[in-house]
2 protein chains.
Amino acid sequence: MTSSKTPNKSADDSDVNAALESGRRRATINDIARLAGVSKKTVSRVINQSPFVREETRQRIEAVIAEWGYAPDPQARGLAFRRSFLIGMIYDNPNPQYVVNMQLGLLDGMRGSGFELVVHPCDRGSPTFLQDVRMFIERQKLFGVVLPPSVSEDERVADLLRDIGCEYIRIASVPLDEEEHMIVGHDRLGAQAMGEHLVSLGHERIGFITGLPSFRSSHERRGGFEDALAKAGVKLDPDYVVQGAYTFESGLACGEALLAKTPRPTAIFAGNDEMAAGVLQAARRAGLTVPEDLTVVGFDDFQIAQAVWPPLTTIHIPTREVGRMAAEKLIAREGYEPGDPSTIIPYLVARESSATPKKV
Amino acid sequence: MTSSKTPNKSADDSDVNAALESGRRRATINDIARLAGVSKKTVSRVINQSPFVREETRQRIEAVIAEWGYAPDPQARGLAFRRSFLIGMIYDNPNPQYVVNMQLGLLDGMRGSGFELVVHPCDRGSPTFLQDVRMFIERQKLFGVVLPPSVSEDERVADLLRDIGCEYIRIASVPLDEEEHMIVGHDRLGAQAMGEHLVSLGHERIGFITGLPSFRSSHERRGGFEDALAKAGVKLDPDYVVQGAYTFESGLACGEALLAKTPRPTAIFAGNDEMAAGVLQAARRAGLTVPEDLTVVGFDDFQIAQAVWPPLTTIHIPTREVGRMAAEKLIAREGYEPGDPSTIIPYLVARESSATPKKV
DNA sequence: GAAGCCCTTGACACCGGTTTCCACTCCCTT
DNA sequence: AAGGGAGTGGAAACCGGTGTCAAGGGCTTC
């Protein structure tokens, strides 16, 4: 028996080492333990940042881990932890840009954490909706889920999550839960800013197109807008408020309805950019020039706001940053600082679709 | 020790059954085996559709599974299989609508299969790109990955996947690999249809805005367009072909460049809808009316095509269906029929932005 | 100098499935 | 009736990690 000097490499190991070195096999915790001359339990301690490991031992193990590029198997770890390293995003938001930005933000917050993002669009109207959500979470033993609007506003979902003990973060325009489970978007503040903007330009007869009433943000946007107008002594005439559906088509229809009123409003604030784009088209059909004859403004600052003519004055929502914070909060790694909530305040982006109304 | 007569239900089981019934604990394969009076190996055989189970036994076990709503733990199963039940989507496509539609399509194809979708945006330019992709796949032991453009066109990625033996499907506008690994989008045919459309309207002096040269589809779109024109005896003047970047801004700039030429083109075909929207804006700035003074057409049929004025004539790409087929092909379940490739042919959607050119 | 304590460490069972190996039925030949 | 093959089910090991618990070593304390 040829004995090597190093006690941690016996003759029996030669072939397994060969397999390892050739890259035919990924390193396991046992390999690392053997190569470092410790038990796998100690390696496990290092991986899980247990304080009960001597500094010298830790460094030796970490060196071996780095040398072999070892990464623990999430499945095996999850099996033992009774929990996976997957984060679910359960959503029913129909806007692709919102969805993608949110995903990017969540991934920003998860980067380097070893977690992965599993997407799960859903239909809140389906009779099996809650059952589906439950199944999804329990089968995958999700570490946690992120709920953007409007799923975040569904108390049945929140109850379910509390019931099965799954971590969750709700993203909504108003607080709906304990601070710990919320990221608040403050749509109200954004709408206020828009109200102030329109008032400062000198508008007094303003049309408003609401969003879907099933979205909490629709009411927040309207409420914030009314607040700002009231503070300036301008009243939002209920007759100039029409119900939209967050789509381009509904914006077109609502825009035509508002422009048919006498006297015509000098400005129209649509609950989102798509509807504002619809209003632009309605104005064009009515032979009006924006912003000379009519100011049109939106909300969200999605790409469409810059892809129409004139580019829309709108409210920017930092969706990606919201997502990042949600993910960071959810996985709450050590070294995680709560993130500055002041950065998630919506803000006004003035473009060319808003101007001072013409003298009558 | 008190022995009971029934081997499958001893006194010891009473409390575990209680825990089960109360829902405090999810059923495991052992519970199902005990309740059905068989070994867990037999339950495993049923789950994995082994033919070596008596029909009567199978039905009894399936009844118990259904009654208790049992679903095997994907982590434990994956650990034994050395493979997870996760499908990765690795992409760098910047268009949110494409990304979301593709995700929806993939999920359509995965529904009910027990697989989940993990999204993985990437940066092909990063020095650690291949390393990242490899890490992602190996750590999660992905069952397979789907590669939409332009990642699908990167041979380094395909080589890597073959090398590590990971199943994959490439989605691209032209065949790049064995049929088994491809879903072909045939952008060329779509561009041909657009060429025929413009020619049939009577256009002869046509401007073309190409997409990013790093996307294979950009060349296909141009090529198909030229084919159609050539067949009709119309030549695409290279002087009227400008390089865009698939963005609204680039469309605006390219549109202005094309409109500055003399004689002015009577129609402009932009490589995608966003650039076409930019051209619309350039036309407006130039004081031209679309389609009376200028025909503008796009490609993709994304939402923006309907949210601009006038709505764009464009080519519809059935992205969601493509995604569904990709997923079905990847997991190739029994009972899977290849799906009709004829449904993934792009087709023309005529809207209001194209018309017969005015007589000069 | 022995007892007591804390810090480290490792042996062993376990997470919930699958696979290997083997024994045991059946059932059908010869 | 014996032999043989195919069909069936059980015990134990394994996938790659983690929890539990007890033991070893060095240090204080009296």
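Sequence lines set the chain letters: A, B, ... in the order given, protein chains first and strands last, and positions in each chain run from 1. All of these numbers come straight from a predicted model, not from anything done at the bench.
Residues forming a ring pair (Phe, Tyr, Trp, His ring centres under 6.0 Å) with B:Phe129 (at least two apart in sequence, or on another chain): none.
Phosphate proximity of C:dT9 to A:Arg54: present, with a side-chain N or O under 4.0 Å from OP1 or OP2. The side chain of B:Thr57 contributes an N or O atom lying less than 4.0 Å from OP1 or OP2 of D:dG9.
Regarding A:Phe52, its CZ atom lies at a distance of 13 Å from the P atom of D:dT20, rounded to whole Å. Put simply, CZ on B:Arg83 is 13 Å from P on C:dT19, counting in whole angstrom units. Atom C1' of nucleotide D:dG9 and atom CD1 of B:Ile32 are separated by 18 Å, given to the nearest angstrom.
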In 5'-to-3' order, the base (B), backbone-only (S) or no-contact (-) status of each nucleotide in nucleotides 10-17 of chain C, using a 4.0 angstrom heavy-atom cut-off, is BB---BBB
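Here the side chain of B:Asp73 pairs a donor or acceptor atom with the backbone of B:Gln75 at under 3.5 angstrom.
For an aromatic pair to be called close, the ring centres must be under 6.0 Å apart, and A:Phe85 with A:Phe143 fails this.
A side-chain contact (heavy atoms from CB on, under 4.5 Å) with B:Thr319 holds for exactly one of B:Val99, B:Ile171, B:Asn101, B:Val100; it is B:Asn101.
Classification of A:Arg58 and A:Glu55 as a salt-bridged pair holds, one side-chain N sitting under 4.0 Å from a carboxylate O.
Using a 4.0 Å heavy-atom criterion, one finds that A:Val43 contacts no nucleic acid atom at all.
In this structure, the helix from C:dG1-D:dC30 to C:dT30-D:dA1 shows an angle of 50° between the axis at its start and the axis at its end, each fitted on 5 base pairs and rounded to 10°.
Note: A:Ile65 CD1 to A:Leu35 CG = 11.0 Å, rounded to the nearest 0.5 Å. In this structure, A:Ile61 CD1 and A:Arg45 CZ are separated by 9.5 Å, a value rounded to the nearest 0.5 Å.
A heavy-atom distance below 4.5 Å is found between the side chains of B:Ile29 and B:Tyr70.
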